Amino acid sequence: MGLLTTTEAAEIWGISRRRVNTLCNEGRIEGAINKGGRWLIPEGAKKPEDPRRVPKKGCKA
């Protein structure tokens, strides 16, 4: 299994590198490890749900 940097994960998930770093610091990315001050994320890791995004009532997702 390969590992991704925060920059690579950010490109795949369509979010900023800083947001990926925050998710790692909060422990929200399963399997992420911190090596020498850098986060390494397993290739198969899923992007965590964003609790700030709540579907509006009556909208079909």
Side-chain angles (χ1 to χ4, degrees):
M1 180 191 303
L3 297 171
L4 304 172
T5 63
T6 54
T7 302
E8 293 167 334
E11 289 175 8
I12 292 169
W13 292 340
I15 58 177
S16 71
R17 181 180 56 84
R18 184 174 179 145
R19 181 70 182 142
V20 174
N21 194 45
T22 300
L23 292 169
C24 288
N25 284 326
E26 293 175 350
R28 296 186 53 209
I29 299 177
E30 190 173 333
I33 55 173
N34 193 333
K35 285 274 193 182
R38 294 186 145 187
W39 284 103
L40 298 174
I41 302 161
E43 275 184 353
K46 294 184 181 180
K47 177 182 171 186
E49 292 292 323
D50 190 348
R52 299 174 300 174
R53 298 183 142 243
V54 178
K56 296 179 182 177
K57 288 185 177 184
C59 289
K60 294 182 181 178

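All values derive from a computational prediction rather than experimental measurement. Numbers for residues simply follow the sequence, beginning at 1.
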Subject >> Results of salt bridge (Lys or Arg N to Asp or Glu O under 4.0 Å) for Glu26 - residues two or more places apart only >> reply: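 Salt bridge (Lys or Arg N to Asp or Glu O under 4.0 Å) check on Glu26 returns Arg28.
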
Original post:
Measuring from Leu23:CG to Lys47:NZ, what's the distance to the nearest 0.5 Å?
Top reply: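 With rounding to 0.5 Å, CG (Leu23) is 9.0 Å from NZ (Lys47).
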
**OP:** Write down the atom of Glu43, the atom of Leu3, and the distance for their closest heavy-atom approach.
**Re:**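 Heavy atoms of Glu43 and Leu3 come nearest at CG-N, 4.3 Å.
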
Original post:
Ile29 and Ala45: which non-hydrogen atoms are nearest, and at how many Å?
Top reply: CG2-CB, 4.1 Å

Subject >> Selection residues 11-22 - residue pairs positive for side chain to side chain donor-acceptor pair (under 3.5 Å), sequence neighbours left out >> reply: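 Side chain to side chain donor-acceptor pair (under 3.5 Å) check on residues 11-22 returns Asn21-Trp39.
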
Subject >> side-chain contact (heavy atoms from CB on, under 4.5 Å) partners for Lys35, two or more places apart >> reply: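 Per chain and number, Lys35 pairs via side-chain contact (heavy atoms from CB on, under 4.5 Å) with Ile33, Leu40.
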
Subject >> Test log, rule side-chain contact (heavy atoms from CB on, under 4.5 Å), inputs Cys24 and Ile41 >> reply: CA-CA 9 Å; Cys24 288; Ile41 302 161; 3.9 Å; yes

